[in-house]
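No experiment lies behind these values; they were computed from the predicted model shown.
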Amino acid sequence: YDLEAVKAVEEKIEAIDEVTLESKSAIDEANAAWKALNRTQKKLVPNWSVLDTAKKSYRNLFNAKAVEEKIEAIGEVTLASKSAIEEAEAAYQALTADQKQLVTNTDVLAAARKSYNDLAAAKAVEDQIAAIGKVTLTSKSAIEKAEAAYEALTEEQKALVSNADLIAAAKTAYENLQKANEAERKISAIGAVNTKSLPAIEDAEAAYNALTEEQKALVSNADTLRKS
């Protein structure tokens, strides 16, 4: 047997030492030398199992490092980060249990997922608020739904909603329209003025006078009341 070749392989395996991401060339060199031996020589290498362990350790480190890089690549989280986060999550889940333990920045991935979820939740509510549009007498449902969606958010998510102030503005606008409409209906109910119109006129006047200046400006038939 070529015992020198066996000894050379044994020494190459010993030279690997502690496995790091820089160990690839040493592992590859030892592995190539091992493969070059015949079957009988391979049986004479006392530390062949160390080579197998080193190959597995390197593979684990390499795969873990690849996932760490995907996590790092997420960067600052925005609404455009979804695919990068999902790609990193999928890569992490594909690792073995041993490899997962080697990933040092899983906290960054978890934080990125939370940040994205918060941004997405806030954006959905922003869109609902924006969908209210110009407030009319038919806006009640849209306003209520947008408000309920906003209130369902966490405090962190609420802070991300850039148009939250529009909810209060829409509610005020709707209330103004509603009260103005009520006064308009009472004015319309006066009809043709006759000797029996006084109660209806007084009712309409009371309703109109109870309005704010902003609400009064919305009453389209205020002139009718003045003429009455």
Side-chain angles (χ1 to χ4, degrees), residues 8-36 42 45-131 145-167:
V9 171
E10 183 183 345
E11 288 174 354
K12 284 182 187 295
I13 293 172
E14 281 177 5
I16 295 170
D17 202 18
E18 183 184 352
V19 178
T20 69
L21 285 167
E22 282 72 52
S23 301
K24 186 176 189 298
S25 61
I27 293 170
D28 287 348
E29 192 177 329
N31 194 48
W34 161 259
K35 284 184 175 179
K42 284 178 179 174
V45 178
N47 58 351
W48 64 268
S49 63
V50 174
L51 177 59
D52 274 354
T53 302
K55 284 158 68 177
K56 183 183 177 185
S57 296
Y58 179 79
R59 187 164 56 249
N60 287 348
L61 284 169
F62 181 84
N63 289 345
K65 179 65 175 174
V67 172
E68 284 181 344
E69 287 173 354
K70 283 183 185 293
I71 293 171
E72 285 170 15
I74 294 169
E76 183 182 353
V77 178
T78 68
L79 285 168
S81 302
K82 185 181 181 187
S83 60
I85 294 169
E86 287 177 348
E87 190 179 326
E89 285 174 334
Y92 177 75
Q93 290 307 322
L95 297 179
T96 65
D98 287 343
Q99 291 167 353
K100 283 178 179 175
Q101 288 183 345
L102 297 171
V103 179
T104 60
N105 56 354
T106 52
D107 56 324
V108 175
L109 179 57
R113 167 51 71 185
K114 183 183 181 303
S115 294
Y116 177 78
N117 287 350
D118 285 348
L119 284 170
K123 179 67 167 70
V125 172
E126 281 182 347
D127 290 346
Q128 266 191 283
I129 294 170
K145 284 178 182 175
E147 185 174 25
Y150 178 75
E151 290 303 329
L153 297 179
T154 65
E155 291 306 312
E156 280 181 87
Q157 291 166 347
K158 284 178 181 176
L160 297 170
V161 179
S162 62
N163 57 353
D165 57 317
L166 295 182
I167 297 175

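Taking the side chain as every heavy atom from C-beta outward, Ile85 and Val77 approach each other to under 4.5 Å. Val108 has its side chain out of reach of Glu72: every pair of non-hydrogen atoms, C-beta onward, lies at least 4.5 Å apart.
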Report task. Would you please test Leu153 and Leu160 for side-chain contact (heavy atoms from CB on, under 4.5 Å) and show each step? Result -> CA-CA 10 Å; Leu153 297 179; Leu160 297 170; over 6 Å; no
Query raised in the report: Are Leu51 and Ile16 close enough, and set up right, to give a side-chain contact (heavy atoms from CB on, under 4.5 Å), and what steps lead you there?
Result: CA-CA 8 Å; Leu51 177 59; Ile16 295 170; 3.9 Å; yes
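Within the structure, the salt bridge (Lys or Arg N to Asp or Glu O under 4.0 Å) test picks out the following pairs touching residues 146-155 (sequence neighbours left out): Glu147-Lys171, Glu151-Lys158, Glu155-Lys158. Within the structure, every pair that satisfies the salt bridge (Lys or Arg N to Asp or Glu O under 4.0 Å) test and touches residues 99-128, not counting sequence neighbours, is listed here: Glu89-Arg113, Lys114-Asp118, Lys114-Glu156, Lys123-Asp127.
Nearest heavy-atom pair, Ile27 versus Ala54, reported as atom, atom and distance to 0.1 Å: CD1-O, 3.6 Å. Between Gln157 and Ala122, the shortest heavy-atom contact is O-CB, 3.7 Å. Here the closest heavy-atom approach between residue Ser81 and residue Glu76 is recorded as OG-O, 3.7 Å. The shortest heavy-atom contact between Ala149 and Gln128 is CB-OE1, 3.0 Å. Residue Gln99 comes nearest to Ala64 through the heavy atom pair O-CB, 3.7 Å, listed as atom of the first residue, atom of the second, then distance. For the residue pair Ile129 and Ala164, the shortest heavy atom distance occurs at CD1-CA, 4.1 Å.
Here Ser57 contributes atom OG and Asp52 contributes atom CG; the two are 10.5 Å apart, rounded to the nearest 0.5 Å. Distance check, rounded to the nearest 0.5 Å: OH of Tyr116 to CG of Leu79 gives 6.0 Å. Going from atom CG of Asn47 over to atom CD of Glu14 covers 5.5 Å, rounded to the nearest 0.5 Å. Note that the NZ atom of Lys70 and the CD atom of Glu87 stand 4.0 Å from one another [nearest 0.5 Å]. Between the CG atom of Leu166 and the OH atom of Tyr150 there is a distance of 11.5 Å, given to the nearest 0.5 Å. We find the CG-OH distance between Leu21 and Tyr58 to be 6.0 Å, quoted to the nearest 0.5 Å.
Just one residue in the list Leu95, Thr96, Asp98 forms a side chain to side chain contact (heavy atoms under 4.5 Å, CB included) with Asn63, and that residue is Leu95.
Open room surrounds NZ on Lys56; 12 or fewer heavy atoms of other groups in view lie less than 6.0 Å from it.
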